[in-house]
Number of protein chains: 2
Amino acid sequence: MFVKIKQSFDFVFFISYVCIVGLEIVSAVRKEMAMEYNAKQLQIIYVAERLFAMKGFAGTSVRDIAQEADVNVSMISYYFGSKEKLIEALFELRTSESRLRIENILLLEDLTHIQKVYIMIDSVLDRLWGNQCFHNIMMREQLSSERTPYISQHILELKIKNGELMNRLITDGQTAGVFRKNIDLSLMTTTLYGTINHAIATQEFYRKINKLEDLSEEEFRTLIKRRLSQHLKNLFKLTVSNEHNNQ
Amino acid sequence: MFVKIKQSFDFVFFISYVCIVGLEIVSAVRKEMAMEYNAKQLQIIYVAERLFAMKGFAGTSVRDIAQEADVNVSMISYYFGSKEKLIEALFELRTSESRLRIENILLLEDLTHIQKVYIMIDSVLDRLWGNQCFHNIMMREQLSSERTPYISQHILELKIKNGELMNRLITDGQTAGVFRKNIDLSLMTTTLYGTINHAIATQEFYRKINKLEDLSEEEFRTLIKRRLSQHLKNLFKLTVSNEHNNQ
DNA sequence: TTGAATGAATTAAACGTTTGTTTGTTAAAA
DNA sequence: TTTTAACAAACAAACGTTTAATTCATTCAA
């Protein structure tokens, strides 16, 4: 069983790196891959994700997970081998989901360069905002220096992948003459991800300070997401656009 | 011993909230407070800070701390009462250090509004960059929802305090007519802290991607700090300044 | 349609460590 | 003498993991 899962993932990995594949293949692979986990396994993974995000990896015991997922403690070792392998499975699942979603933006036509950047911003925002638990875990793991080489590798992959897209979008605009030349791409990426991550981490504070407590959870989420989107687009437009001069 | 420390902190707290005090009083209080901890206690606190930043609170055992600090395990309970109280002592120490540093910026004269904002940016940058370990821990604790009400309280205080300063700086510029009216202050703060925090968390990646591996640790730190400062000042200038119109 | 056989799923209990903390004791300082 | 600092040892609880037994579902010959 385990061997099969690993093989399947290496297969996905291989495809995503060697060639560009159409979306139909992507979703097919994803579906096939997700099918490797039965309902109980996915239940364990999702519960673990929520608890890891809340209390950290070391702060969450396998008994906590088992209790919340309503399974016996030994099932975690039985299904995943170990607690460490469980979080690795979580990373495999989540990163493979978004591994290829990025490519599409570059293929879009009939859009200005700044519009493509806007779409990228919303894409990143949707992804982080829709997977808050997982990205909490990712942030934590980024802070833990070199604890888990396996997971660090996944994070590094994602960063490079996202960085490449950003790079393409900006340099395209630069060669077209509508974007400024001297842009620190890395720092723009840092601002994009840093702002969203920090907004997620401090959203309750934002809610309190802006007196939005009477909004429902859903209303608040859409409100802050819209404001964040506008804020980031504004930041990027002002920074990369060639219209205004900024030393 | 503990009671005395607590009293001292409540005293600091009281002063900082009720009235504005001169710098001489501040440093005097800080010195008195720091003196409450002997060399061995401080050694434990600093080692704990480094390890908590590296491996997280739950991921660090008291034996790890004791070994690195070269003291007996039982000394931690002896001096601080518990592991939980140890991290609380760390938060008391670090937050009280920077609790009153903020006020000074508002008192500065002969500076334009944007210059004051620049000084604030550098001030925040210096503080976060100079206490990376501590702010790693703070970021982690921000992610842990409601685990430690005592520490959450400290973080909340800092956020409010910093938010108030930012608020004052911007509204001063707005009434003077040099800053735009419709600024989402919270999101600007989010971008400021988010960018710096994310830059700290991913600095090794920045180093690798920008091919700066041959720089020494010190050279790299000053370089990225200077770039960050410039980047953030640029962001703020473009965003708050009234010169350019941005919908 | 039966019924033993096979293998996977599930369980309670136990495993050996590691955890944070306490104890009792000794050495030094006040 | 009394207090404080430091230590090794021991403590119970919690940890991740394994074991062994049991239930469940599926298969396949009778």
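Going from atom CD1 of A:Ile44 over to atom C1' of C:dA9 covers 11 Å, rounded to whole Å. Between the C1' atom of C:dT18 and the NZ atom of A:Lys83 lies a distance of 13 Å, rounded to the nearest Å. For the pair A:Ile76 CD1 and D:dT19 C1', the interatomic distance rounds to 17 Å; values are reported in whole Å. Rounded to whole Å, the distance from OH on B:Tyr78 to P on C:dT25 is 17 Å. Between the NZ atom of B:Lys40 and the C1' atom of D:dA5 there is a distance of 9 Å, rounded to whole Å. Here D:dA6 presents its C1' atom at 14 Å from CD of B:Gln43, a figure rounded to the nearest Å. Look at CZ on A:Arg63: it is 16 Å from P on C:dT17, rounded to the nearest Å. Rounded to an integer number of Å, the gap from B:Leu51 CG to C:dT19 C1' is 16 Å.
Relative to the six-membered ring of B:Phe205, A:Lys159 meets both conditions, a distance below 6.0 Å and an angle of at most 45° to the axis. Stacking of A:Lys83 on the aromatic ring of A:Phe57 is recorded, both the 6.0 Å distance cut-off and the 45° axial limit being met.
Under the 3.5 Å distance criterion, the side-chain polar atoms of B:Arg207 are matched with a main-chain donor or acceptor of B:Leu215. Judged purely by atom type and a 3.5 angstrom limit, A:Thr195 has no side-chain atom pairing as donor or acceptor with the backbone of A:Leu192.
For the residue pair A:Thr189 and A:Asn162, no side-chain donor N or O sits within less than 3.5 Å of a side-chain acceptor on the partner.
Sorted by residue number, the members of residues 68-75 of chain B with any non-hydrogen atom under 4.0 Å from DNA chain C read B:Val73, B:Ser74.
OP1 or OP2 of C:dT19 has at least one side-chain nitrogen or oxygen of B:Ser61 nearer than 4.0 Å.
Distance from the side chain of A:Val62 is smallest for D:dT17 among the nucleotides C:dA9, C:dT21, D:dT17.
Residues A:Arg140 and A:Phe52 fail the side-chain proximity criterion, which asks for heavy atoms closer than 4.5 Å.
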